Engineer: 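My questions will all concern the structure given below.
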Amino acid sequence: MPDQGELAPAEAVGEQEDVRGDLVAGEGFVESVAQEVAPFGIGLTIVEPGGARTEFRHGSARVADLTEVYDATPAHAFKAMLDPANGLAPGDPQRMASRIIESVDVEPAPMRMILGAQALDSTLEVLRRRTADFESQRDLAKSTDYPAGE
């Protein structure tokens with residue numbers, strides 16, 4: 001464990017890519033703060049858990065009936081995710097908590113810790129799409145540089 005301690009903020013990524021807007025802002029904040037506190041031996045880790053079998057997901061969560069305007073929107077996908085008839089979440093909350101606690105002793109602290117196979121697969125797919133998008137912009141990016149020798 002670092003001498004100055006380690007912070008491990010959690011971001012609940014879940015299974016919906018559509019909720020990422022707020023989380024991306026949180027990631028940027030944590031990445032920025034991590035650079036500033038690293039010289040003091042403080043590490044930060046963004047915990048990105050996948051779906052877990054908790055009472056919130058399958059029991060206590062209450063969602064209003066959705067009107068037709070919400071058909072084919074993330075709201076319907078979220079409601080479907082809460083329905084146990086659509087399958088139980090694969091994540092074990094106790095195992096997830098154990099991995100988070102164990103991570104405090106990892107040096108250097110990992111910037112991200114993805115918990116759950118579904119979360120990892122989803123994250124890798126998003127990164128593949130982003131990489132392909134960036135690669136497709138290579139000519140555009142080069143077009144804004146001064147020509148060689150200028």
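Remember, predicted model here, so these are calculated numbers, not experimental data.
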Engineer: Are R112 and E31 within salt-bridge range, i.e. N to O under 4.0 Å?
Structural biologist: yes
Engineer: Any link between V37 and M111 through a network of hydrophobic side chains (Ile, Leu, Val, Met, Phe, Trp, Tyr) touching at under 4.5 Å?
Structural biologist: yes
Engineer: Walk me through whether R130 and V126 qualify under side-chain contact (heavy atoms from CB on, under 4.5 Å).
Structural biologist: CA-CA 6 Å; R130 283 186 189 165; V126 167; 3.7 Å; yes
Engineer: Just verifying a value: how many Å separate L127 CG and E125 CD, rounded to the nearest 0.5 Å?
Structural biologist: 9.5 Å
Engineer: What distance separates M96 CE from M113 CE, expressed to the nearest 0.5 Å?
Structural biologist: 10.5 Å
Engineer: List, one per line, each side-chain donor-acceptor pair under 3.5 Å for residues 140-150, sequence neighbours excluded.
Structural biologist:
from, atom 1, to, atom 2, distance (Å)
S143, OG, L140, O, 2.6
T144, OG1, A141, O, 2.8

Engineer: Looking at D92, is its backbone amide N or carbonyl O close enough to the side chain of R53 to form a donor-acceptor pair, meaning the two atoms are under 3.5 Å apart?
Structural biologist: no
Engineer: Atom CG in L115, atom CZ in R99: separation rounded to 0.5 Å?
Structural biologist: 9.0 Å
Engineer: Within this structure, what is the CD1-OG1 distance for the pair I100 and T45, rounded to the nearest 0.5 Å?
Structural biologist: 10.0 Å
Engineer: Within the side chain of S98, is there an N or O that forms a donor-acceptor pair under 3.5 Å with the backbone of Q94?
Structural biologist: yes
Engineer: Where the side chain of S136 meets the backbone of D133, is there a donor-acceptor pair that is under 3.5 Å apart?
Structural biologist: yes
Engineer: Shared ILVMFWY cluster between V47 and L120, side chains joined below 4.5 angstrom?
Structural biologist: no
Engineer: Which pair of heavy atoms, one from A119 and one from P49, lies closest together, and at what distance?
Structural biologist: CB-C, 4.3 Å
